[in-house]
Protein chains: 2
Amino acid sequence: MLSQSIEDYIKAIYKLQEHNTSVTTNDLAKKMNVSAASATNMVKKLAEMNLAEHTSYKGVTLTEAGTKIALEIVRHHRLLELYLQQALGYTWDKVHEEAEHLEHHISEEFEDRINDFLGNPQYDPHGAPIPSRDGTIPTISKDSLADADEDNEYIMQRVEEESPDFLRYVGGLGLFPNVRFKLIAKEPFKGPLTLRVDGDMKIIGHETASKLYVYRSESA
Amino acid sequence: MLSQSIEDYIKAIYKLQEHNTSVTTNDLAKKMNVSAASATNMVKKLAEMNLAEHTSYKGVTLTEAGTKIALEIVRHHRLLELYLQQALGYTWDKVHEEAEHLEHHISEEFEDRINDFLGNPQYDPHGAPIPSRDGTIPTISKDSLADADEDNEYIMQRVEEESPDFLRYVGGLGLFPNVRFKLIAKEPFKGPLTLRVDGDMKIIGHETASKLYVYRSESA
DNA sequence: AATAAATTTTAGTTTAAGCTAAAAACAAAC
DNA sequence: GTTTGTTTTTAGCTTAAACTAAAATTTATT
């Protein structure tokens, strides 16, 4: 059984890998809120355990074994998030934190039972893909709303931010996964975007838009 | 936030206090599966934190503050057990272990939500009382079936053992909380007991009976 | 290319929780 | 009421995961 700490580091590396090509110990230290030295130590330990590869002064990558563990943790996390929402009525801004604590402590049986309760779901409340038991990840759009084109219709896929405040803000605009909307206007130079969501006009900043992933909708 | 370890010790002391009047560090060490020295160390730390009182070479008692914490943990544990059974279909022999892991990691919100889901329940799947939010404990019979009298009707209140094997055995006899049965015969000298449960005759040992708590039923 | 700045690693400490072995205190037996 | 045996505590060691400060390496600047 891996320590909670080890699991947290693996998950952090996994998440950093999704974005940045190379993950430095410093990136990791920041994400984990520990000193750079602590991150280095853990990375060396992970390498020792063959869960990561580390080239000094360069960066870290998860090995296949490490990735497998990361996917299990992410699966736990996202299943829990959805379960908290669907079964216990949590709002989407609160599920992350609770799942964060629980993800390390549920058994395989628990995982299976909530998975069955939820009908083997593909996405969590924020639209993030839930890795399947065997490590397959449902496809997701990698198109940020910030790169979308005026005058097109889109469907919200995913909000890639977990801060409660941000989620409440976005939710207040009606922008939940699977919601359809139209991008009416988009100012140049990272300016604001105007959307029509369910008949209402909403203006959001470029920064916000960059965290929303969408796919083109066949306009109705 | 108390460490998991501290919480586990507090809970162990609480449970030992329920039975034995005085709790020695050795009792505690056995219950916790640690060396006597480790138990002594922790007890001193708890005393330091004003969660327990310790008189050297004598024993430990929880303070009011310590008891309050114990009750919270026990509440978490028993609510979880019932939730796992009611909401997720766990059998009663498996709920203990899962709850044991989760009890330290659920938030107050989680506690409240499962409590509401369960309708503010009083007893867990084994008939153990669930302390209320404010620390009140539902009444329970302290009469063991081992001390019961021939020819009377009883209702199962509680099974005071958490080992899966034992619970499966007892469950196989049909002896769940709230089940009514009649004590047909009872051999002297800690001999076996004969019961009629739902029309069927069952013979159980004294040792088993001593772990079953019952109350007299007004015979129908 | 040489030096300055930033990043990463190494070295050595700290804390929590465990351990063993030895010492101290208590209980029991003669 | 000593002596013997058990229980409890003390002392000192180990491991995991953090830390700071110093050394090493890489990157950036002139």
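In what follows, chains are A, B, ... by sequence order, proteins preceding strands, each numbered from 1.
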Chemist: What is the separation between atom CG on A:Asn41 and atom C1' on D:dT20, rounded to the nearest whole Å?
Modeler: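 Value for this atom pair: 12 Å.
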
Chemist: Using nucleotides 5-8 of chain C, report all nitrogen or oxygen pairs with the protein that are shorter than 3.5 Å.
Modeler:
unit_1	atom_1	unit_2	atom_2	d
C:dT8	OP2	A:Asn26	ND2	2.5
C:dT8	O3'	A:Tyr57	N	3.3

Chemist: Quick one: which of C:dT10, D:dA18, C:dC19 gets closest to the side chain of A:Lys44?
Modeler: C:dT10

Chemist: Could you measure the distance from the CD atom of B:Glu111 to the CZ atom of B:Arg133? Nearest 0.5 Å is fine.
Modeler: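 Reported value, rounded in 0.5 Å steps: 4.5 Å.
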
Chemist: Give the minimum heavy-atom separation between B:His54 and B:Gly59, together with the two atoms involved.
Modeler: CD2-O, 3.3 Å

Chemist: Using atom CE of B:Met42 as one end and atom C1' of C:dT15 as the other, report the distance to the nearest whole Å.
Modeler: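 In whole Å, C:dT15 C1' and B:Met42 CE are 13 Å from each other.
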
Chemist: Remember a base hit wins even if backbone is also touched, and classify A:Ala39 as base, sugar-phosphate or nothing at under 4.0 Å, heavy atoms.
Modeler: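 Nothing, no heavy atom under 4.0 Å.
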
Chemist: Just to verify, what does B:Glu98 make a side-chain hydrogen bond (donor to acceptor under 3.5 Å, both in side chains) with, not counting sequence neighbours?
Modeler: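 For B:Glu98, the residues satisfying side-chain hydrogen bond (donor to acceptor under 3.5 Å, both in side chains) (neighbours in sequence not counted) are A:Ser107, B:Tyr90.
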
Chemist: How many whole angstroms separate atom CG of B:Asp8 from atom C1' of C:dG18?
Modeler: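 Interatomic distance, CG of B:Asp8 to C1' of C:dG18: 14 Å.
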
Chemist: Using a cut-off of strictly less than 4.0 Å, decide whether A:Ser38 has a side-chain nitrogen or oxygen near OP1 or OP2 of D:dC19.
Modeler: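 So the side-chain polar atoms of A:Ser38 do come within 4.0 Å of the phosphate oxygens OP1 or OP2 of D:dC19, strictly under.
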
Chemist: Rounding to a whole Å, what distance do you find between A:Asn33:CG and D:dC19:C1'?
Modeler: 14 Å

Chemist: How many whole angstroms separate atom CD1 of A:Ile6 from atom P of D:dA16?
Modeler: 9 Å

Chemist: Which nucleotide, D:dA11, D:dA18, C:dG18, lies nearest any side-chain atom of A:Tyr9?
Modeler: D:dA18

Chemist: Write down the distance between CE (A:Met49) and P (D:dA16), rounded to a whole number of angstrom.
Modeler: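 Roughly 9 Å, once rounded to whole Å.
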
Chemist: Would you say B:Ser3 reaches C:dA16's phosphate, i.e. side-chain N/O to OP1/OP2 under 4.0 Å?
Modeler: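 No, outside the criterion.
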
Chemist: Indicate yes or no: does B:Asp165 engage B:Arg168 in a salt bridge with an N to O separation below 4.0 Å.
Modeler: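 A salt bridge links B:Asp165 with B:Arg168.
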
Chemist: Any side-chain N or O of A:Ser5 less than 4.0 Å from the OP1 or OP2 oxygen of D:dA16?
Modeler: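 Answer is no, no contact under 4.0 Å.
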
Chemist: Using a cut-off of 6.0 Å, state whether more than 12 heavy atoms not belonging to B:Lys31 lie near its atom NZ.
Modeler: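 Yes, NZ of B:Lys31 has more than 12 neighbouring heavy atoms, counting only those of other groups under 6.0 Å.
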
Chemist: State whether A:Glu103 and A:Lys11 are salt-bridged, where the test is any N-O pair (Lys NZ or Arg NE/NH1/NH2 against Asp/Glu carboxylate O) under 4.0 Å.
Modeler: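 Yes, A:Glu103 and A:Lys11 are salt-bridged.
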
Chemist: What class does the angle between the rings of B:His126 and B:Trp92 fall in, given that below 30° is parallel, 30 to 60° is tilted and above 60° is perpendicular?
Modeler: tilted

Chemist: A:Gln4 has an atom CD; how far is it from atom C1' of C:dA16, in whole Å?
Modeler: 15 Å

